Amino acid sequence: MASEDSKLTPEIEGGDRASLRHSLLGPSLLKAGQDKVDQKKVGEIIYNASKGSKFFKHEERRDQQLTKRIEIIQRRKKHLESLDLSSQIRRVDEEIAASEASRDLSQIIVHVDCDAFYASVEELDRPELKEVPMAVGGGVLTTCNYKARGFGVRSGMAGYIAKQLCPQLVFLPLSFHKYTAKAEEIREILVKYDGRYEAASVDEAFLNITGYLEDHRDTTPDKVVEQLRREVLEHTKISVSAGIAPNARLAKVASNQNKPNGQFRIPNDREAVMHFMRTLPVRRVNGVGRVFERELDAVGVRTWGDVFALRGILSKLFSKKAWSFLLNSYLGLGRTCIHPVAEYERKSLGTESTFKDLSGPGPLRDKLRSTAQELERDLLAANLAGRTITVKVKLHTYQVHSRQKALHRVISSAEDLYNHALPLLQELEGEFQPFKIRLMGLRVTQLSSTRKGTGKMNFFKNLPQSIEGEAEWEAWPEGSLDGLLSSGHLSQEVQDEEQLAIEEALNASLNMPARDTPQDPSPPPKMVLKERWECPICARSLPADDAVFNEHVDFCLSRETIREVVQESAGVRLVKEPERKKDAKARPGRPGSKHGGMDSYFPKLQ
DNA sequence: GCGGATCAC
DNA sequence: TATGGTGATCCGC
């Protein structure tokens, strides 16, 4: 039935469930240390250990859903094959030529990746653990050492399954402070090679060593990275792997090539890059996960080289973004600008937790209250408030649902969070019954800083917040700022442009750096002048009182005033707008999360 | 703007 | 006994 002899799903109807087994193996199949593992046997154990559980049933449903989607893709592919695609292929070839013209081979980018980081740190404290299979984490493993990987144990695996694969597995609890402290030691070394290195997570970083090489003409990229790794190992006793390449995407792939404790270079040479990509399995590139891998496999794309032969069809089969991602990856293109994480802006903040199945109005409200309190704490610590709130639940069946609402003002207090989230939770409860949940989460987006005088126009967005009760609606009799800015016929880019323009103009009048300007972690709030605040519009000195100040700013910011500000600074902006680096698959998981992830369960430092 | 899905770590 | 948490992006509506 499947038109392609897909290696991942040789028989979709056979009842053998190869794709499901593959999916149950987990997301970290390409991790190092698995070469000598009997994947078939491991898959069998995992499959049998999972069978019957609610989790398994959910995975089954998901797998069937994906299988259906794939059948649709294959039908569309069949149809495309019957068409004459020569003109489409011509267009794609022009696209390739244009991308090719933008290829930048002038930079030397390094990706540094610690080997089994948490496990290695634990082994420093207790060297005897090096000799036995060991994992960090409980219900779900955060990471494990290479001895454990020899048994098929991996990060992200349920603890009880790991125990079946390896009964003698030693479990250690997470000790966050140890990992962050060690990460800081490593970064002290990285900074010597690139003062503007980019921490991608606790245990990963990108460096641009082009400058370093210019200052040290008598050496080579490989030698520099060997030295860097040696220095890290000597000073911190942590072994790291590294990839050296002309851009971040390739460097990341390369760092996985000789793991653990190795390095690999993809030369800054077009032929070498293309040659490397041609046989590289698609899954090795960031952005291709389990699902995309299956979809690509189903249409005959296993390695990046396959993309070229199928370019006519692929460009019609997938979305514009997805196609551009495929094309750039095939060409081995990627971003070359590396800079500190501090220069990114957080877009959402949330908290969620898993627990024993919960139901009933009382327990649900209690859980919502504690979740709201947790989020309040985090928002307070980050000096943020949000204008959109999202409630997320995972049912006892593992189905995830969410309800969100954009509010008329920003909120951050536990009380506000709770009050706005409750109706959303009740909506979910009404829709999905029986409403037994195993996870609840709260998240806010449309963030603005609650710090006075920082970049985000907070005096504006926070305005209604400081006016209690019904009066908040009267603060903007003619509608919100959003209504003013989004006039409907403007493209999103244009609207973003205006938003930036306003912010910049206001920042300028405040004598503050614009929000994208590199700056120290917390610039001094120049707006606060000893019990007097200065209006950013008319420069009048005002009493340091939120309500009075906001009311005055409200007055000053009449529509006419805003229009002038926008028009004036928009012109300037267009001229000095720096060319944006666009990267099809933008960079997920940006700013400091409370828990980084599986292999990096930790907030980003700095 | 909303909700689901995917991905990384 | 019993499969995580945080954040981002994309797609289709």
Side-chain angles (χ1 to χ4, degrees), chain A residues 24 26-28 31 46 49-56 58-59 62 65-66 69 113-114 117-118 137-143 155-164 174 199-204 252 283 285-295 318-322 324-325 344-357 374-375 378 387-388 390-392 394 396 398-406 424 427-428 431 438-447 482 486 492 583-604:
Chain A
L24 284 169
S28 56
K31 288 264 154 107
I46 295 176
S50 307
K51 200 157 51 183
S53 67
K54 286 180 176 175
F55 177 79
F56 180 88
H58 179 250
E59 288 297 303
R62 274 186 39 167
Q65 209 178 322
L66 177 56
R69 235 173 63 196
D113 197 339
C114 302
F117 185 52
Y118 292 4
V140 171
L141 305 186
T142 299
T143 190
S155 63
M157 183 176 274
Y160 80 98
I161 290 187
K163 196 104 194 175
Q164 291 192 26
L174 290 152
S201 69
V202 241
D203 65 335
E204 274 179 47
K252 169 88 176 138
R283 186 71 153 79
V285 169
N286 246 332
V288 180
R290 279 181 286 180
V291 172
F292 202 14
E293 180 189 33
R294 261 195 75 188
E295 292 178 351
F318 292 105
S319 72
K320 210 175 161 180
K321 293 253 171 172
S324 136
F325 167 75
Y344 294 96
E345 229 183 303
R346 175 197 281 281
K347 295 187 173 150
S348 79
L349 199 162
T351 179
E352 66 186 60
S353 61
T354 298
F355 34 76
K356 284 181 61 182
D357 285 0
E374 170 89 28
L375 183 52
D378 296 347
R387 206 177 73 81
T388 297
T390 305
V391 178
K392 168 181 169 183
K394 195 189 279 178
H396 67 290
Y398 286 86
Q399 284 166 14
V400 175
H401 296 284
S402 66
R403 287 293 176 273
Q404 76 181 80
K405 185 161 174 54
L424 299 175
E427 196 183 314
L428 286 162
E431 198 165 337
R438 70 188 326 278
L439 173 146
M440 184 185 289
L442 274 185
R443 174 166 300 274
V444 290
T445 50
Q446 303 261 83
L447 300 178
D482 293 338
S486 43
Q492 189 58 51
D583 207 353
K585 213 70 175 186
R587 319 121 60 55
R590 204 36 35 181
S593 51
K594 235 182 341 187
H595 307 291
M598 220 54 235
D599 259 319
S600 59
Y601 214 81
F602 230 64
K604 244 150 246 134

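Reckoned from all heavy atoms, side chains included, excluding hydrogens, waters and symmetry mates. Treat the numbers as computed from the prediction; the structure is a model and nothing was measured. Within every chain, numbering begins at 1; the chains are lettered A, B, ... in the order of the sequence lines, protein sequences first and strands thereafter.
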Counting side-chain heavy atoms from C-beta on, which of [options] comes nearest to [X]?
| X | options | answer |
| --- | --- | --- |
| A:K252 | C:dT3, B:dC9, C:dT6 | B:dC9 |
| A:Q446 | B:dG3, B:dC2, B:dG1 | B:dG1 |
| A:A406 | B:dG1, B:dA8, C:dG5 | B:dG1 |
| A:R346 | B:dC9, C:dG7, C:dG4 | C:dG7 |
| A:Y160 | C:dG7, C:dT3, B:dC9 | C:dT3 |
| A:A158 | B:dC2, C:dT3, C:dG5 | C:dT3 |
| A:R438 | B:dC7, C:dG4, C:dT6 | C:dG4 |

Counterpart residues, side-chain hydrogen bond (donor to acceptor under 3.5 Å, both in side chains), relative to [X] (two or more places apart):
| X | result |
| --- | --- |
| A:T388 | none |
| A:E427 | A:R403 |
| A:R69 | A:E295 |
| A:E204 | A:H111, A:K252 |

For a quick check of understanding: with a heavy-atom distance under 4.0 Å over all strands, which category does A:K54 fall into, base, sugar-phosphate or nothing?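 No contact.
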Determine the contact category for A:L439: base if any of its heavy atoms lies under 4.0 Å from a base atom, sugar-phosphate if only primed atoms, P, OP1 or OP2 are that close, otherwise nothing.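 Sugar-phosphate, no base atom in range.
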State, yes or no, whether a side-chain contact exists between [X] and [Y] at a heavy-atom distance under 4.5 Å.
| X | Y | value |
| --- | --- | --- |
| A:L442 | A:T390 | no |
| A:T143 | A:F117 | no |
| A:L66 | A:R290 | no |

Would you say [X] reaches [N]'s phosphate, i.e. side-chain N/O to OP1/OP2 under 4.0 Å?
| X | N | result |
| --- | --- | --- |
| A:T351 | C:dG5 | no |
| A:R403 | B:dG3 | yes |
| A:R62 | B:dA5 | no |
| A:S348 | C:dA8 | yes |
| A:R69 | B:dT6 | yes |
| A:R290 | B:dT6 | no |
| A:K347 | C:dT9 | yes |
| A:Y398 | C:dT3 | yes |
| A:R387 | B:dG1 | yes |
| A:H401 | B:dG4 | yes |
| A:S353 | C:dG5 | no |

Contacts of A:F55 that satisfy ring pair (Phe, Tyr, Trp, His ring centres under 6.0 Å) - sequence neighbours left out: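 Residues passing ring pair (Phe, Tyr, Trp, His ring centres under 6.0 Å) with A:F55: A:Y398.
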For atom CG of A:L349 and atom P of C:dT6, their distance in whole Å: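 Between P of C:dT6 and CG of A:L349: 9 Å.
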Show each protein N/O and nucleotides 11-13 of chain C N/O combination with a separation under 3.5 Å, one pair to a line.
| from | atom 1 | to | atom 2 | distance (Å) |
| --- | --- | --- | --- | --- |
| C:dC11 | OP1 | A:S319 | OG | 2.3 |

Which sits closer to the 5' end of DNA chain B, A:E204 or A:Q65, going by the nucleotide each is nearest to?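 First, find each residue's nearest nucleotide; the 5'-ward one identifies A:Q65.
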Using the P atoms only, state how far C:dT3 lies from B:dA8, rounded to an integer number of Å.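 So the two P atoms sit 24 Å from each other.
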